[in-house]
Structures are given as structure tokens and as C-alpha cells.
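Note sheet for the following structure.
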Amino acid sequence: MAEPHEEKEDQAEAHLNILRHSTSHLMAQAVKDLFPGVKVAIGPSIETGFYYDFDYEPGFTEDDFAKIEARMTELVKMDIPIVRKMVKKEDALEMFRKAGEAYKVELIEAIEDPEVSLYTQDNFTDLCRGPHLASTGQIGVFKLLSVAGAYWRGDEKNKMLTRIYGTAFPNQDSLDAYLKFVEEVKKRDHRRLGKELDLFSVSDEVGAGLVIYHPNGALLRYLLEDFERKEHLKRGYQFVVGPHILKLDMWKKSGHYENYRDNMYFTKIDDVDYGIKPMNCLSHIMVYRSTIRSYRDLPLRYFELGTVCRHEKSGVLHGLLRVREFTQDDAHIFLRQDQLHQEILNIMEFVHDVMEIFDFKYEMEISTRPDKYIGTLEDWNKAEQVLKEVLDGQGLPYDINEGDGAFYGPKIDIKLKDAIGRKWQCATIQCDFALPERFDLYYVDSDGKRKRPVMLHRVVLGALERFIGVLIEHYGGRFPVWLSPVQVIIMNITDEQEPYVRSMRDAMVSEGLRVELDTRNEKLSLKIRDGMVKKIPYMVVVGKKEMANETISVRVRDGGELKDIAVRDFIERVKEENLLRR
RNA sequence: GCCGAAGUAGCUCAGAGGUAGAGCAGCUCACUCGUAAUGAGCAGGUCGGGGGUUCAAUUCCCCCCUUCGGCUCCA
């Protein structure tokens, strides 16, 4: 049962959805008034507002928005009743056919009920399940936001329509609040912060989707890698390293050439074909196969910060979140069927611990057997059962994506939620029955017979590039001390303290702190400002007084001040934060 | 890949058929300064790349590349 206040929230949300849905119809009505010959497709409310898809030959641009919005405002003022009517399917079909609304006809044909509901406002009638507001006069404030192409029914084989996005709210204040929120989100954009904090760049001279890490970005990445290596060693993983290119025959054997070729790059050496790896599993399989394995050896957990190259379509590249070369915290675990439950539990605990350290909440999904699959039904059912049991056993909620598993096995996807509620796919755990089969992997069981191991593919952070991008936005560039590329910046007030702060910097660096020095001949307020802009956690100020007392004054990025603290105590404080990952 | 928009100094942006401008950053000088921008001066650009139209193109046209907003796909 929902709590009373939740019910209220649900009601408010439901109302907002109706408002937006009606605004979407209003926009369609305005567009049809203004642009004769336009055909309408679908126009739902969405999380951030609404959209409507149109088929119109010249298409629309944002220049058309003012005109459309003006007409919408007129229609609101006219306070036109929005009338619902149930009609027979055949009648609706005839009506939309006559009107030349081919998309509506297609939609109605797919409806099984004998009757469909229509909503009419003046000269505009739309097929719609509803509900809607009672009249256009009840519509609040709205704003058209962007145009975009969208395939009919989301299928890239279909015609591309023009989609107009907009948003709507009951009043101006809530619209303003939303637009302000959008601005805040822009300020957190990892591409913007990546530039401002000088973390990374991508260059069209080098190539699209290829990341160049600058010193601070590379340091951040190094800190994550260091974290990963320690955590994996702690959990019984072994490090392995494989090559970036493997003979094409390997990729044919594994099925990648057949199923993943479009995403791969190829090259030729001395007339032999090679494929650049899009995944790390094959080398790990070679390690497994390098000697005979006993049931006592399992599970074997091979870990690699493996860099892979994938040919992503040009239109999907996006900062660090979607690139063409990236490094996964990848592991392949070879184990017996009877170990599957415990091992997946281990991984889930691993994921949980890591998410907690970075202060992420997360959600889980199980993806089950697709229509096209390899392996036996029995294996699939068993594995799906195990995945469910593990999640049930933890008492954590999860969704099921029927038929969305990989062709070689079912999987658990973990979607993390960042500081402002957005979801990102990072960790995933995939069962694989296919590769052990294709590479004829086996172990010798207690009865002396050869048995086939199960293979798990899993990543925890996912791709370092994507994870770093998410981290930047999650923290808004204000990394916790242990992850800050620069933890401390020391500022002198006059030249007099310069040699002193230099030796202080050296002392801190030798204790493992990451320290910068600002000895520019500038006012303190400028140095503080620059330190704040660079989002450095600790700004250490040294003037005449501090030098005499061998203390420092520390301005803390996230608020507050450490007045006249001993250098030694400050160093210990930062060291502890490094250790505790704070 | 598809639809739409954009690309001007290191960054953020203005400009216009007659070969470009601001702020910040950079450099030089003065100021030696106590918690979010001291002042003055200097320097900085084949106006994304390639073709075309024109007496003349950074501006108009075509192609390409890249980026942005979406669609589709995904770590």
C-alpha cells in the first residue's frame, strides 16, 4: 500500500501527465492549422514534457516555434472543449483513411478492441486512449524545446518523421524551476567540466570517439585503476593481460565474426587477417586452456583492465559516455554449475560495496532467453533460475526484461543512479554457455570425467571512460578527496613565504598527498577564486603568521575553515581520507 | 547510419560579399597584497577542410570532417 503522501504525489504526477498529453494534442492542432498537409503520428507525455511526431515534407525548424506557440496560445484562449467519443473500429478507420492519416490507420489496425476512443477539440480529432483535460483553457504554461528526427515506430527501417519536443507545467513558477534545473544539469555536463577542469579532450585530428586524457584526467583514471586492482586482488581475482589484435580465425571460432563483425575493426599482417578486440574474453579463454584444469581449481577469476575498440555509429558518440576505444574492468570467471549461485552472489556483493563507496544507488534487471539463442534449454532455465534466486535471496527488487539476454546466456544489468537521479548502465553480469562449448573448455571432475565449465563475463565499473564521465556529473566535478587529482593547493600571501611553502609542498608530496602550489604574485582572493573554480578540496593559506607558528589556515572547498592547524595534523587528516576513500 | 542545428583567438562569444572584434586566459611591467577576479601595456586568427560562383568569399552554393539535440544501437 502506498503511503498517503505518496498517493498525493502520484496524483500530482498523473495530473501533470494529463496536462502534458493535452498540450501535445494542442500542439498537433496548432501545427495542423498552420501547416496544411502535415500528417500526425504519435504524441505522448514523457518525463520531461511531451512530444509529437509529424510527417511533413519540408520538416520543421526551431524558427517555426514562435508561430506554433502563438497559435497554441490562441487555442488556449478559445477554451475549446476536449470531447471523448467511443466509435467502432471500422468507422474510425474510415474516418482517418479519408483524412489521409496513414499513421493513425496503422495504429488502429493494430488495436484488437472493437471500439476505439477519439478525442476531438474543434477541427482536430485524434486517436487516443486519454485521459485528457476537459478543455484547452485548462492547459497551463508550455514551451517548445527542440526538433529531432525520429523513426516511425522507433524502427530505423521506417520513414523518419519530425519530432517536436516541448514541456508544460501548471504554472510559470514550475516551468521556470524546471528550466533552471536544466541549466544546473548543463553545468554538470562532463564534457563542459572535462574542459573546465582540464581532464580530457577529444580531437577531430585524432579521430571521433577517441579520448585523450590530460594530466588530471589521467591521474583520476589512475586512481580508479589502482582502486580496481586492489579490490580485485582482495576478492580472489588474478591479473591477466592479452593482446589487442588476435587472428581473425579466433573471432570466427568464437562467433564474434558472425555476430559482431559490424562493430569490429580489422587489419592484415604479412597477409594474415587479424581483428582488433572488441571484447577481452578470448585471451582469458586461452589462459584457461593453457593447461589441464581440475574441479578443485575452480572458480578461476581472470581480471584485466582490457582496452577494446568498437565501431560505434558516428551519431551515437557522446563525450566519455559513448566512445570507440575504451577500457573495461573486465573479468571472466570459469566455474562449475554448482558454484554459479555463490559466485554471482560474490559479484553482487562486490558491486554493492563499490556502489556504496561512490555513493550511487542502483537498480537491477534480469534479461532472459531471446528467441535466437544457443545452448540447451535446460542450461538456460537453470541459469535464469540462479540469477533470480540470488536477487531474491538479497531481498532486492529487480525488473525482468523478457527475451533481452545475450544470445549466449542470460544476464543481470545494474543501472546506477547518480546524484540527480539519472540512470546509467555500468555493471553487468552475463552467463555464457557458448564460448566454453566453442573452445571446448573442460575441467576434470571428481569422478575423473571431463566436464564443461560455465563462464561468467562481468564488469563492475563497466568502461572506465563511461564511469569517469558519470562520476564527473555525479559529483559535479567536486570529487571526494581520495579521487581528487589535486587535493591541496598551497598559497602564499607574499614573496616572503615562497621558499617556506615550497618545502611544505615537498613534505606533503612525500607523504603521498597530491599538492599544487600557487606562488603567483597575486592577491589571495584571486588565488582562492582560482582554487574554487578548479574545485580543489583544500586551499592552504600561508602568511606571515602561519610561517611563524608553523601552522596553516585551510579553506575547505565544501564549506568551513581549519584555522591555524598544525601541518602534521593536516597531512594525517588527508592521509586518512585517502585510506577511507572519502 | 538517419533527421535537424552549429563550427570565428587557448576558452566563451559578437560580426559582415571588400581579406576580422570583445571578455577571460597568456606574456611584460607596476603593486607585496589575508579567503571568489589590482591596474596598465603587448601579443594572439589560412573565420573546421576541400571544391565552385564572383573583380573580390570567412560571408553565397556543393561535398567532406567534427560537435550539439534527437532516433536507432550500446560499456
Side-chain angles (χ1 to χ4, degrees), chain A residues 46 51 53-54 56 58-64 145-165 186 189 191-192 195-196 198 201-209 260 262-263 278-280 306 308 310-330 406 413-415 424-428 430 457-470 491-498 520-534 539-546 553-557 561 563:
Chain A
I46 53 173
Y51 66 79
D53 287 347
F54 301 101
Y56 182 60
F60 301 104
T61 70
E62 297 189 8
D63 297 337
D64 297 318
L145 297 174
S146 59
V147 286
Y151 299 108
W152 167 238
R153 299 198 144 179
D155 187 334
E156 64 180 329
K157 290 185 196 81
N158 288 340
K159 180 167 184 183
M160 181 157 275
L161 310 174
T162 304
R163 174 173 299 179
I164 300 181
Y165 282 94
K186 274 192 199 154
D189 190 307
R191 293 164 299 183
R192 177 175 173 157
K195 215 177 258 177
E196 285 173 10
D198 196 19
S201 60
V202 282
S203 152
D204 56 342
E205 285 178 271
V206 171
Y260 208 71
D262 291 347
N263 281 295
M279 297 183 195
N280 301 300
V308 296
R310 296 185 187 175
H311 179 214
E312 299 293 342
K313 290 179 182 178
S314 60
V316 306
L317 301 175
H318 182 93
L320 292 181
L321 300 179
R322 196 73 183 275
V323 295
R324 285 185 171 150
E325 180 180 314
F326 56 96
T327 300
Q328 297 176 301
D329 62 336
D330 205 1
D413 286 327
I414 291 103
K415 293 206 157 80
W424 306 93
Q425 157 86 65
C426 288
T428 169
Q430 310 184 341
H457 308 239
R458 50 103 285 186
V459 290
V460 177
L461 303 188
L464 285 180
E465 282 73 11
R466 176 174 290 183
F467 193 75
I468 288 171
V470 172
M491 309 162 179
N492 59 333
I493 290 178
T494 68
D495 292 350
E496 209 185 328
Q497 299 93 36
E498 190 177 333
R520 287 176 304 167
N521 186 5
E522 293 289 354
K523 283 183 151 179
L524 181 63
S525 55
L526 181 82
K527 297 187 183 187
I528 292 283
R529 183 189 136 79
D530 286 352
M532 289 303 284
V533 168
K534 287 155 109 176
M539 282 156 279
V540 169
V541 176
V542 178
K544 205 175 227 168
K545 193 178 61 184
E546 286 82 3
S553 296
V554 184
R555 169 145 169 173
V556 182
R557 175 192 62 194
E561 197 179 0
K563 260 261 183 255

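Remember, predicted model here, so these are calculated numbers, not experimental data. Atom set for the values below is all heavy atoms of this structure, side chains included, hydrogens, waters and symmetry mates excluded.
- Nucleic acid contact for A:T162: none, since no nucleic acid atom lies under 4.0 Å from a heavy atom of the residue.
- Residue contacts for A:E205: at a heavy-atom cut-off of 4.0 Å it reaches no nucleic acid atom on any strand shown.
- Look at the C1' atom in both B:rC73 and B:rG17: the space between them is 44 Å, to the nearest Å.
- Taking a pair to require two hydrogen-bonding distances under 3.5 Å in either a Watson-Crick or a G-U wobble arrangement, B:rU53 remains unpaired.
- Looking at heavy atoms from C-beta onward, A:M532 lies in side-chain contact with A:M539 at the 4.5 angstrom threshold.
- Here the side chain of A:D495 is nearest to one of B:rA36, B:rU67, B:rU32, namely B:rU32.
- Shown here, B:rC74 forms no base pair; nothing in the strands shown gives a Watson-Crick or G-U wobble contact with both key distances under 3.5 Å.
- Residue contacts for A:S203: at a heavy-atom cut-off of 4.0 Å it reaches no nucleic acid atom on any strand shown.
- Residue A:F54 comes nearest to A:L161 through the heavy atom pair O-CB, 3.3 Å, listed as atom of the first residue, atom of the second, then distance.
- Taking atom P on both B:rA22 and B:rG41, the two are 12 Å apart, rounded to the nearest angstrom.
- When each of A:R324, A:R322, A:H318 is paired with A:E312, the side-chain hydrogen bond (donor to acceptor under 3.5 Å, both in side chains) condition holds for A:R322 and for no other.
- Shown here, B:rG26 forms a base pair with B:rC42; the pair counts as Watson-Crick or G-U wobble because both key distances fall under 3.5 Å.
- Under a 4.0 Å N-O distance rule, the pair A:E156/A:K313 qualifies as a salt bridge.
- The residue among A:S314 and A:E522 whose nearest nucleotide of RNA chain B is located toward the 5' end is A:S314.
- A straight line from CG of A:D198 to P of B:rU12 spans 13 Å, rounded to a whole angstrom.
- Within 4.0 Å of A:K544, counting heavy atoms only, lies at least one base atom of the nucleic acid.
- Among A:V540, A:V542, A:I528, the single residue meeting the side chain to side chain contact (heavy atoms under 4.5 Å, CB included) criterion with A:M491 is A:I528.
- For the P atom pair drawn from B:rA20 and B:rA57, the interatomic distance equals 13 Å after rounding to whole Å.
- Within the nucleic acid shown, A:L524 comes within 4.0 Å of at least one base atom, counting heavy atoms only.
- If you measure from atom CD of A:E561 to atom P of B:rG34, you get 15 Å, rounded to the nearest angstrom.
- Spacing between atom CZ of A:R192 and atom P of B:rC68 amounts to 14 Å, rounded to whole angstrom units.
- To the nearest whole angstrom, the two P atoms, one in B:rU12 and one in B:rG7, are 13 Å apart.
- Between A:L161 and A:E546, the one whose closest nucleotide on RNA chain B sits nearer the 5' end is A:L161.
- Rounded to whole Å, atom P of B:rC24 lies 13 Å from atom CG of A:D530.
- Between A:F326 and A:R310, some side-chain heavy-atom pair lies under the 4.5 Å cut-off.
- As a whole-Å value, the separation of A:R191 CZ from B:rU67 C1' is 9 Å.
- A:D262 places its CG atom 11 Å from the C1' atom of B:rG1, with the value rounded to the nearest Å.
- Formation of a donor-acceptor pair under 3.5 Å by the A:R466 side chain with backbone atoms of A:L461 is not found in this model.
- When Watson-Crick and G-U wobble pairs are counted only if both distances are under 3.5 Å, B:rC33 pairs with no nucleotide at all.
- Minimum atom distance to the side chain of A:R555 is reached by B:rA36, of the listed B:rU38, B:rA36, B:rG34.
- For the pair A:N521 CG and B:rG26 P, the computed distance is 13 Å after rounding to whole Å.
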- Going 5' to 3' through nucleotides 70-75 of chain B and flagging B where a protein heavy-atom sits under 4.0 Å of the base, S where only the sugar-phosphate is that close, and - otherwise, we get BBBBBB
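- Across all strands shown, B:rC68 is found opposite B:rG4 as a Watson-Crick or G-U wobble partner, with both distances under 3.5 Å.
- Side-chain atoms of A:N492 never come within 3.5 Å of backbone atoms of A:Q497 as a donor-acceptor pair (strictly under, hydrogens ignored).
- Across all strands shown, B:rA9 has no partner, as no Watson-Crick or G-U wobble contact with both distances under 3.5 Å is found.
- A salt bridge does not link A:D155 with A:R153: every distance from a Lys NZ or Arg NE/NH1/NH2 to an Asp or Glu carboxylate oxygen is 4.0 Å or more.
- Here the C1' atom of nucleotide B:rG4 and the CG atom of A:D64 are 12 Å apart, to the nearest Å.
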